[in-house]
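In what follows, a single structure is set out as C-alpha cells and then discussed.
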Amino acid sequence: MPTAPTIDLTTSGTSATLRIDHPQRKNAMTAHMWGLLPRLLEPLAKDPSVRVVVLTGAGTDFCAGADISELTAGADGTAGGGAVDVDAAGARVLDDRLAEAAGEALAAFPKPTIAMVDGLCVGGGCLLATACDLRVGTPRTRMGVPAAKLGVVYPASSLRRIVALAGPSTAKRLLFTADLLGAEEALRTGLLDEVVPEPELAHHVTGLAATVGDRSQVSVRAAKSLVDAIGAGGLTPDLVRGWDEEAVRSGDLHEGITAFLERRPARFAAPPS
C-alpha cells in the first residue's frame, strides 16, 4: 500500500538528504509537502554538523511538479471528474504560494544545496532544482515548465532563477512551448551543471557533497552569499568586509595558509551553530 506523500530527511557525515517521496505520482508535490520543506530546512540551517543539503526524489524521478489531482479531489478525497470549481481555483492559488515559499526557503538556505536530478524535473520540480546551488543529472533527466499547458502563470521568483541560469531566450522557449529539454540540452543551457551515468549519480553527488563539506565553511558560505548578492545586484562593501572579518575571526584563513606552507591538508574548525 502506498505511503502518504512526504519529504524524508536523512543525514550522513556532514550532509543531509531531503528525499521527495511520492513515487506513485512521480514525486508530485502536495500542499502538505510544499509546506513541509521550509520546516525541514530551518533546523538544518542551524545545525553545525550539517554542511551540505542534497535534494532528490524517490524512485526514478526527481519531481513532476505540483500534484494537480489535489485540485479535482471530491469532498471525500477521491479524484473528481476533472472539473475545477471556484474552490479548486482558490486552492491552486494557495498551492502556488506554498510552492513559491518553499522555493524561496530553499534558495535562501545559507549552506550549499545540490539537486540530484534523475528522470522528470518538471514545473514545480524545476522550481526546486533551480533554487539549489548545483544540479547534477543523468541522461534520463528531462526538464521543463508546462505552465502554458495548464494556464498557469509561473512564479516570478523561480522564473528569475531560470533566466539567471539559462538566459532569457531559453526561459521564454521553455515557457512558450511547455516542451521538455533533454539532459544534454539542459547541460548546454546551464539548467544542469553536470550529467553523469545513472548508476553513478548517487555516488557522484555523495562525493561532491563530501568535498564541499570538507572545505572551509567560512569560504564556502561566503562564496554562496557573495555570488547570490552579485546575481541579485545587492553586493555591498559591508557584506564583503563582514565575510573577510569572519575568515580571520574563525581561524580558517590562518589554518589554510599554514597548511599550504606546511604542505598538509587543512584542518578547518567546525562552524559555530
Original post:
Is E100 salt-bridged to R97, going by a charged N under 4.0 Å from an acidic O?
Top reply: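 No, this pair does not count.
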
Subject >> Pairing of E42 and K46 as salt bridge, 4.0 angstrom limit >> reply: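 K46 and E42: salt-bridged.
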
Kindly give the heavy-atom pair with the smallest separation between [X] and [Y], and that separation in Å.
X: E198; Y: P139; answer: N-CD, 4.2 Å
X: A115; Y: A129; answer: CB-CA, 4.1 Å
X: D252; Y: A269; answer: OD1-N, 3.8 Å
X: A209; Y: S15; answer: CB-OG, 3.4 Å
X: D193; Y: L134; answer: OD2-CA, 3.3 Å
X: G124; Y: C63; answer: C-SG, 4.4 Å

Original post:
Who are the salt bridge (charged side-chain N to carboxylate O under 4.0 Å, His left out) partners of E200, not counting sequence neighbours?
Top reply: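 Listed in chain order: nothing, the list is empty.
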
Subject >> All salt bridge (charged side-chain N to carboxylate O under 4.0 Å, His left out) counterparts of R263, not counting sequence neighbours >> reply: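 R263 satisfies salt bridge (charged side-chain N to carboxylate O under 4.0 Å, His left out) with no residue once adjacent residues are dropped.
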
Measure the spacing between [atom1] of [X] and [atom2] of [Y] and express it to the nearest 0.5 Å.
X: L128; Y: T130; atom1: CG; atom2: OG1; result: 8.0 Å
X: I68; Y: T30; atom1: CD1; atom2: OG1; result: 12.0 Å
X: Q217; Y: K111; atom1: CD; atom2: NZ; result: 8.5 Å
X: L174; Y: S169; atom1: CG; atom2: OG; result: 9.5 Å
X: T56; Y: D118; atom1: OG1; atom2: CG; result: 7.5 Å
X: R173; Y: L181; atom1: CZ; atom2: CG; result: 5.5 Å

Is there a donor-acceptor contact under 3.5 Å from the side chain of [X] to the main chain of [Y]?
X: Y154; Y: L127; result: yes
X: N27; Y: A58; result: yes
X: S225; Y: R221; result: no
X: R25; Y: P5; result: no
X: R135; Y: L191; result: yes
X: E194; Y: V136; result: no
X: T141; Y: V117; result: yes

Answer with yes or no whether the hydrophobic clustering places [X] together with [Y]; edges join I, L, V, M, F, W, Y residues whose side-chain heavy atoms lie under 4.5 Å apart.
X: L106; Y: L208; value: no
X: V50; Y: L37; value: yes
X: I230; Y: W243; value: yes
X: L44; Y: W34; value: yes
X: I20; Y: V145; value: yes

**OP:** Test D133 against every option in V212, T113, V53 by the side chain to side chain contact (heavy atoms under 4.5 Å, CB included) rule and name the one that passes.
**Re:**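 Of V212, T113, V53, side chain to side chain contact (heavy atoms under 4.5 Å, CB included) with D133 is met by T113 alone.
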
**OP:** Just do the side-chain contact (heavy atoms from CB on, under 4.5 Å) check on H22 and M29 with the steps written out, would you?
**Re:** CA-CA 8 Å; H22 192 190; M29 294 282 288; over 6 Å; no

Original post:
Around atom NE2 of H32, are there more than 12 heavy atoms of other residues, nucleotides or ligands at under 6.0 Å?
Top reply: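 Above 12, so yes.
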
Original post:
With a 4.5 Å heavy-atom cut-off, do L18 and L41 have their side chains touching?
Top reply: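 The answer is yes; the side chains approach within 4.5 Å.
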
**OP:** Taking the side chain as every heavy atom from C-beta outward, state whether V220 and R51 have any pair of such atoms under 4.5 Å apart.
**Re:**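 No, side chains not in contact.
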
Subject >> Stepwise side-chain contact (heavy atoms from CB on, under 4.5 Å) test for M116 and T17 >> reply: CA-CA 10 Å; M116 188 161 66; T17 298; 5.7 Å; no

Show the atom names and distances, to 0.1 Å, of all donor-acceptor pairs under 3.5 Å that link a side chain in residues 232-239 to residues at least two apart or in another chain.
| residue | atom | partner | partner atom | Å |
| --- | --- | --- | --- | --- |
| T236 | OG1 | L239 | N | 3.2 |
| D238 | OD1 | R241 | NH2 | 2.1 |

Original post:
Quick one: side-chain hydrogen bond (donor to acceptor under 3.5 Å, both in side chains) pairs with a partner in residues 4-14, sequence neighbours left out?
Top reply: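 Applying side-chain hydrogen bond (donor to acceptor under 3.5 Å, both in side chains) to every pair that reaches into residues 4-14, excluding sequence neighbours, yields D8-R19.
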
Original post:
Rest of the hydrophobic cluster containing L180 (Ile/Leu/Val/Met/Phe/Trp/Tyr, side-chain heavy atoms under 4.5 Å)?
Top reply: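 Joined to L180, directly or through intermediates: L120, V122.
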
Subject >> Connected hydrophobic set around I257, excluding itself, where side chains approach under 4.5 Å >> reply: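 V248, L253, F260, L261, which link up through side-chain heavy atoms under 4.5 Å apart, make up the rest of the cluster.
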
**OP:** Using the side-chain contact (heavy atoms from CB on, under 4.5 Å) rule, take M33 and D67 through it: C-alpha gap first, then chi angles, then the decisive distance, then the call.
**Re:** CA-CA 10 Å; M33 295 163 75; D67 189 350; over 6 Å; no

